[in-house]
Visitor: 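Pasting a structure below so you can have a look.
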There are 2 protein chains.
Amino acid sequence: MNAIYYDGKLTYRTDLPEPQRAKGEALIKVTLRGICRTDLELTKGYMNFRGVPGHEFVGIVEDADDKTLIGGRVVGDINCGCGECPECRIDDEHHCQNRTVLGILGRDGAFAEKLTLPEKNLHTVPDFISDEEAVFIEPLSAAFRVAEQVKVINNDVLVLGDGKLGLLIAQSLAFLRADVVLCGRHPEKMELIQMANLTTKTADELLPNKKYSVVIEATGSKEGFLTAMERIKPRGKLVIKSTLAEQPYVDLNQIIVDEISIIGSRCGSFEQGIALLEQKGVKVKELIQKTYRLEKGLKAFEEAGKTGALKILLA
Amino acid sequence: MNAIYYDGKLTYRTDLPEPQRAKGEALIKVTLRGICRTDLELTKGYMNFRGVPGHEFVGIVEDADDKTLIGGRVVGDINCGCGECPECRIDDEHHCQNRTVLGILGRDGAFAEKLTLPEKNLHTVPDFISDEEAVFIEPLSAAFRVAEQVKVINNDVLVLGDGKLGLLIAQSLAFLRADVVLCGRHPEKMELIQMANLTTKTADELLPNKKYSVVIEATGSKEGFLTAMERIKPRGKLVIKSTLAEQPYVDLNQIIVDEISIIGSRCGSFEQGIALLEQKGVKVKELIQKTYRLEKGLKAFEEAGKTGALKILLA
């Protein structure tokens with residue numbers, strides 16, 4: 001099987017065995033994949049990952065215990081719980097301490113011809129959602145997770161970062177009718193997602209005040225966290241999304257003195273991502289920069305790593 | 001006037017002028033003072049403080065615009081807002097960006113014969129509360145602030161640190177009927193506050209699990225934060241109380257992946273501190289180690305800085 005592989009160095013390999021599905025798992029032929037900033041961080045040492053990266057995908061079920069799944073077009077929750085620990089018993093597999101995570105932790109991912117996932121993780125993609133849209137369901141769910149954790153309505157919300165995730169978060173929250181300021185470095189990217197309730201600013205246009213009661217850090221850079229700490233109001237909530245191989249200095253004294261909350265935010269529920277696409281609440285196809293074939297994956301990673309890159313897909 | 005003074009070095013001075021009360025302020029003759037760990041941190045460089053430290057006190061009003069206050073026995077909120085900024089206008093002077101803080105920021109404190117505070121900051125001490133108890137109202141209010149920020153009932157609560165603040169926090173939360181585990185290094189200190197709903201453990205007795213849904217870090221040490229991060233459940237809330245001159249490394253990736261909330265917690269409302277004493281919900285006099293006269297303040301600071309010290313008072 002062909003795949004992108006990381007073992008300290010990123011390579012394109014043609015000699016990998018097909019993944020074997022365990023009981024309760026489906027074997028999926030991947031149709032389309034998205035490269036996420038987390039994939040880039042993995043290649044800088046994050047998670048000490050070794051194997052096939054990739055966790056944003058859409059594909060067709062080739063085999064499964066539940067035969068009705070076969071042939072279906074699916075996306076899938078990337079967190080695979082053990083099913084037996086206290087977290088799994090309260091249906092919180094996202095936080096199972098023994099979990100594997102597709103293409104991130106202990107489970108080969110989507111930058112291969114095929115992958116396996118537990119059948120219960122799969123969501124059938126409605127016909128009116130194209131593959132190009134479906135590949136955004138995972139990051140859209142992660143974007144919407146912010147609104148599940150923090151009250152955004154009637155708050156001054158600042159989203160830092162006009163990367164793929166920042167653009168999705170800003171749209172999701174504005175669609176909920178929160179007043180959102182999106183601050184990024186690329187006006188041409190921010191222009192792609194103009195909509196009601198959303199104001200865009202460059203860093204220079206942002207007043208140097210502790211003005212925002214909710215700040216979402218999605219820059220993917222150390223500096224983004226520091227900017228967030230300079231903009232968050234006392235008693236404000238700072239939601240952090242960017243896992244980084246190299247991390248910024250955190251001033252716990254400021255957190256105490258200003259009574260700030262720092263809230264970690266990771267994956268969301270796929271139902272929310274699908275609903276956002278159904279309701280046409282967010283623009284996603286506009287965020288696609290280019291689609292490469294899987295065998296051009298190394299070139300695709302290079303493109304995805306460039307400053308200002310939008311979504312790079314692998315077909 | 002006599003006072004303890006810090007200008008890079010802690011000294012006892014006999015040549016300081018009496019503080020001059022501004023309009024709306026009261027002049028207070030201080031009767032009794034408590035040394036807090038924050039005072040010790042100030043002498044290590046925290047806040048770049050210069051002046052008279054001290055913020056835990058009880059005293060008698062000598063002069064004020066409101067003549068009915070004169071002669072009254074009072075404690076006082078240590079945060080003095082500007083009265084005009086957006087925070088002050090919503091009655092949140094604790095977070096006024098132009099505030100002074102008694103003995104901590106831009107305002108001489110209580111380790112002097114006299115101090116000044118805005119009249120609106122003062123709370124009359126009921127007769128049945130002794131001076132030795134009253135001097136605990138400020139730290140008790142700060143301890144109870146945790147319960148104002150985080151739901152503790154029906155959660156597994158771990159308090160880290162059996163210093164003065166940790167002992168007050170553990171008691172306040174247990175008095176609220178939360179299930180509290182207090183973890184410290186001095187069983188003999190933890191024994192002082194035995195009560196219902198409170199279990200005490202040494203660090204060795206604490207299982208190395210991410211078991212607690214609420215953890216309060218009150219050790220006053222860098223290591224305490226790291227222990228807290230090892231004990232907090234996914235989606236848990238970690239309340240931090242210890243401002244430190246030298247700070248620990250913070251793993252933002254763990255915060256994101258486990259979706260932890262880090263919540264800064266500082267001062268609380270004096271009404272709560274007074275109410276806790278009224279209801280006899282917490283033991284405070286048991287926490288007094290020794291009372292020194294003000295002129296022995298340097299010796300008192302030395303004692304307060306020793307490992308395992310309980311509350312040192314200055315009369």
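Residue numbers start from 1 in every chain, and the chains themselves are labelled A, B, ... in the order their sequence lines are given, proteins ahead of strands.
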Visitor: Which one, A:R145, A:H94, A:E87, A:Q97, leads in non-hydrogen pairs under 4.5 Å with chain B?
Guide: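 Going by pairs under 4.5 Å, I would pick A:R145.
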Visitor: Does anything in residues 254-269 of chain A reach chain B? List residues with heavy atoms under 4.5 Å apart, or say none.
Guide: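 Hits under 4.5 Å: A:I255, A:I256, A:V257, A:D258, A:E259, A:I260, A:S261, A:I262, A:I263, A:G264, A:S265, A:R266, A:C267.
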Visitor: Does anything in residues 40-50 of chain B pair up under salt bridge (charged side-chain N to carboxylate O under 4.0 Å, His left out), and if so which pairs, sequence neighbours excluded?
Guide: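 Every pair satisfying salt bridge (charged side-chain N to carboxylate O under 4.0 Å, His left out) with a residue in residues 40-50 of chain B: B:R37-B:E41, B:E41-B:K44.
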Visitor: Return yes when atom CG of A:D91 has more than 12 non-hydrogen atoms of other residues, nucleotides or ligands closer than 6.0 Å, and no otherwise.
Guide: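 Not more than 12 within 6.0 Å, no.
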Visitor: Given heavy-atom pairs under 4.5 angstrom as the criterion, report whether the side chain, backbone, both or neither of A:D92 touches chain B.
Guide: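 Interface part for A:D92: side chain.
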Visitor: In residues 217-232 of chain A, which residues are in contact with chain B at a heavy-atom separation under 4.5 Å?
Guide: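 Those residues of residues 217-232 of chain A which have a heavy atom under 4.5 Å from chain B are A:F225.
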Visitor: If we ignore hydrogens and angles and just use 3.5 Å, is the side chain of A:Q247 paired with the main-chain N or O of B:L252 as donor and acceptor?
Guide: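 Here the side-chain-to-backbone pair exists.
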Visitor: Most heavy-atom pairs under 4.5 angstrom with chain A, which of B:M47, B:H95, B:K210?
Guide: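 Of the options given, most contacts go to B:H95.
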Visitor: Which of the residues A:V250, A:I240, A:N253 is involved in the greatest number of heavy-atom pairs with chain B at under 4.5 angstrom?
Guide: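 Winner by heavy-atom pair count: A:N253.
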Visitor: Pull out the residues in residues 147-165 of chain A that come under 4.5 Å of chain B, heavy atom to heavy atom, sorted by number.
Guide: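 Under the 4.5 Å heavy-atom cut-off, A:Q149 qualify.
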Visitor: Using a 4.5 angstrom heavy-atom cutoff, name the option from A:R235, A:K237, A:K241 with the most pairs to chain B.
Guide: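 If we count pairs closer than 4.5 Å to chain B, A:R235 comes out on top.
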Visitor: Sort out for me which of B:V239, B:T243, B:V101 touches chain A most, counting heavy-atom pairs under 4.5 Å.
Guide: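 With the most close heavy-atom pairs to chain A, the winner is B:T243.
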Visitor: For chain A, which of B:P234, B:S242, B:A245 has the most heavy-atom pairs under 4.5 Å?
Guide: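 The candidate making the most pairs under 4.5 Å is B:P234.
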